[in-house]
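As structure tokens, the structure follows; a few thoughts come after it.
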Amino acid sequence: MNNYLKMVEKSSPKTKMLPTLIMAFLVGGIICCIGEGFLDMYKTYFPMLTEVELRNATSMTMIFLGVTLTAFGLYDKIGYYAGAGSIIPITGFANSVMSPAMEFNREGVIYGVCSKMFVIAGPIIVFGVTASVIIGLVGMML
């Protein structure tokens with residue numbers, strides 16, 4: 001087993017950690033800045049909306065952008081260079097729902113899109129909710 005692990009480590013491509021981290025930070029930050037820009041724009045042009053409504057509109061816009069970029073194949077290109085920087089924001093979650101839906105579209109609406117849509121996003125939801133409950137309980141006990 002140790003020989004196999006050594007062989008895998010030797011043949012695996014080496015990633016350049018610092019450039020990868022910098023790109024993830026920059027792209028994730030740019031995506032968040034775009035979201036903040038939409039929030040500011042909505043505050044300016046729709047002053048009658050409450051803070052919650054403004055944030056909901058911003059979230060819907062970012063989800064729409066993530067789904068649209070995925071549909072045109074652009075989000076994968078962003079993710080190639082950005083790594084985790086493209087996964088973390090809400091657009092990454094939209095991408096993780098849209099990608100399997102597009103992939104399994106040929107199997108039909110029920111057995112393809114509806115049943116496979118949350119293949120990637122499902123575990124994210126489950127573990128995100130579980131982690132938030134655990135953190136909330138720990139915070140309550142402290």
Side-chain angles (χ1 to χ4, degrees), residues 1-46 49-142:
M1 185 67 170
N2 287 336
N3 291 336
Y4 175 74
L5 293 175
K6 287 179 185 177
M7 187 173 68
V8 167
E9 185 178 324
K10 189 179 198 180
S11 63
S12 297
K14 306 293 183 240
T15 59
K16 296 177 181 173
M17 188 68 75
L18 186 62
T20 304
L21 291 173
I22 291 171
M23 281 304 292
F25 178 78
L26 289 175
V27 172
I30 289 169
I31 292 171
C32 292
C33 287
I34 291 169
E36 286 294 322
F38 277 113
L39 180 62
D40 290 344
M41 183 182 71
Y42 291 148
K43 281 180 183 178
T44 303
Y45 292 111
F46 303 105
L49 296 178
T50 66
E51 191 69 27
V52 171
E53 292 169 334
L54 290 167
R55 294 191 183 283
N56 288 341
T58 303
S59 294
M60 288 187 288
T61 303
M62 295 305 289
I63 290 169
F64 176 78
L65 287 176
V67 167
T68 304
L69 290 172
T70 300
F72 288 112
L74 298 173
Y75 208 88
D76 290 337
K77 292 178 183 176
I78 294 170
Y80 178 78
Y81 293 104
S86 66
I87 297 171
I88 302 301
I90 194 168
T91 53
F93 184 76
N95 173 267
S96 70
V97 173
M98 181 67 171
S99 293
M102 286 174 45
E103 183 178 342
F104 294 103
N105 185 33
R106 65 185 174 279
E107 295 179 22
V109 174
I110 301 298
Y111 293 114
V113 175
C114 294
S115 66
K116 304 286 186 179
M117 186 182 296
F118 289 100
V119 168
I120 297 171
I124 295 169
I125 295 169
V126 170
F127 288 110
V129 169
T130 303
S132 66
V133 168
I134 292 170
I135 290 170
L137 290 173
V138 169
M140 246 177 36
M141 288 184 220
L142 296 177

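This is a predicted model, so every value here is computed, not measured.
More than 12 non-hydrogen atoms from other residues, nucleotides or ligands lie less than 6.0 angstrom from CG of Leu137. The neighbour count for Glu9 CD, taken as heavy atoms of other residues, nucleotides or ligands under 6.0 Å away, does not exceed 12.
When atom types are taken as modelled, the side chain of Ser132 and the backbone of Val129 share a donor-acceptor pair closer than 3.5 angstrom. With Glu107 contributing its side chain and Phe104 its backbone, the two residues share no donor-acceptor pair below 3.5 Å.
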Expected list for residues 57-77: side-chain donor-acceptor pairs under 3.5 angstrom, two or more places apart:
unit_1	atom_1	unit_2	atom_2	d
Thr58	OG1	Leu54	O	2.9
Ser59	OG	Arg55	O	3.1
Thr61	OG1	Tyr42	OH	2.5
Thr61	OG1	Ala57	O	2.8
Thr68	OG1	Phe64	O	2.7
Thr70	OG1	Gly66	O	2.8
Thr70	OG1	Asn95	ND2	2.7
Tyr75	OH	Ser86	O	2.5
Tyr75	OH	Thr91	OG1	2.8
Tyr75	OH	Gly92	N	3.1

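We find the OG-NZ distance between Ser11 and Lys6 to be 14.0 Å, quoted to the nearest 0.5 Å. Atom CG of residue Asn56 and atom CD of residue Glu51 lie 10.5 Å apart, to the nearest 0.5 angstrom.
Residues Glu36 and Leu39 are in side-chain contact: their nearest non-hydrogen atoms beyond the backbone lie under 4.5 Å apart.
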